[in-house]
Amino acid sequence: MTNKLPRHVSIIMDGNGRWAKRRGLDRLQGHKAGVESVRAVTEFAAENRIEFLSLFAFSEENWNRPQYEIEGLMELMIDAIIGERNTLMNNNIIFKVIGDFSRLSKKLLDKIDDIQTSTSVNSGLTLIVFLSYSGKWDLINAFNLYLDCIRNGSNSIEDTFDPQTLEKYLSTSSIPDPDLLIRTSGEQRISNYMLWQCAYTEFYFTEVLWPDFRKNDFKLAIDTYMERERRYGKTGEQINKNN
Ligand code: FPP
């Protein structure tokens, strides 16, 4: 049993579309309802002193959705960032966005920049939103950044390429790997999320659709995680001896 709270919990928020369909609503209504769940899990993480909470809000592959849905989702992100500013400041939350910024609008980038700067003075929970992100993009981007450093002379070709070197160039270099990854809506796959970073992450899948996910669902996931034994390839005996 880890018995320890996870330091970093990440969530693949899934099922907004199905939630809306079951109610005869438009998909965007499902995403809108999902913002309430974002509020609930953020509050829970802050109350329970979880250090990092990250949310997969929009994948690289999501750019292939119908234009009206993409635009609606981006508007929702902008509104949420503007609307939650005081709550983030009052609750000492650091807000970060990770992803391929080259595809985001100037309007959204300005809002992101503004909120990241304002909340950087805080010292409580770090809330990270993955936007226009994919694990493969992150890896390729890291390799390209590394190559740029070789080209401009700040790295020499003799330098060994090891896991620590790669991690320095990943978009997640300033945050620990997730201890627990939750995916809602009954789907059980990683969907090109943090491919490198989830090497030893514990997975938790629930049938609950994201707009219905509340603090009690989050607590159940955390309790389940705390019952698990994390062995990192070692034997149970080795782990118990070190505890
Ligand atoms: C997946 O459900 C969900 C998304 C692609 C968007 C999640 C975004 C939000 C909840 C918006 C707010 C976020 C923040 C951080 C302010 P789906 O549409 O794939 O559902 P389906 O599989 O049932 O169709």
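Keep in mind that what you see is a predicted model, and the values were worked out from it rather than measured. When a ligand or atom number is given, it counts from 1 through the structure's own listing order. Along the sequence shown, residues carry numbers from 1.
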Asker: Is there a donor-acceptor contact under 3.5 Å from the side chain of R23 to the main chain of W19?
Answerer: yes
Asker: Students often mix this up, so state it plainly: with edges at 30° and 60°, are the rings of F130 and Y193 parallel, tilted or perpendicular?
Answerer: perpendicular
Asker: Hey, does D179 have a side-chain heavy atom less than 4.5 Å from the side chain of Y200?
Answerer: no
Asker: Which protein N or O atoms sit under 3.5 Å from any N or O of ligand 1? Give each pair with its distance.
Answerer:
from, atom 1, to, atom 2, distance (Å)
ligand 1, 2 (O), G15, N, 3.4
ligand 1, 2 (O), N16, N, 3.4
ligand 1, 18 (O), R27, NH2, 2.8
ligand 1, 18 (O), R65, NH1, 2.8
ligand 1, 19 (O), D14, OD1, 3.3
ligand 1, 19 (O), R65, NH2, 2.8
ligand 1, 20 (O), G15, N, 3.3
ligand 1, 20 (O), N16, N, 3.2
ligand 1, 20 (O), G17, N, 3.0
ligand 1, 22 (O), D14, OD1, 3.2
ligand 1, 22 (O), R18, NH2, 3.0
ligand 1, 23 (O), G17, N, 3.3
ligand 1, 23 (O), R18, N, 2.7
ligand 1, 23 (O), R18, NE, 2.8
ligand 1, 24 (O), R27, NH1, 3.2
ligand 1, 24 (O), R27, NH2, 3.1

Asker: Ring of W63, cation from R65 - is the NZ or CZ under 6.0 Å from the centre and inside 45° of the axis?
Answerer: no
Asker: Name the residue from V9, I50, T224 that meets the side-chain contact (heavy atoms from CB on, under 4.5 Å) definition with L180.
Answerer: V9
Asker: Stepwise, does the ring-ring contact (aromatic ring centres under 6.0 Å, His included) test hold for F161 with Y169?
Answerer: CA-CA 11 Å; F161 200 82; Y169 293 92; 7.6 Å; no
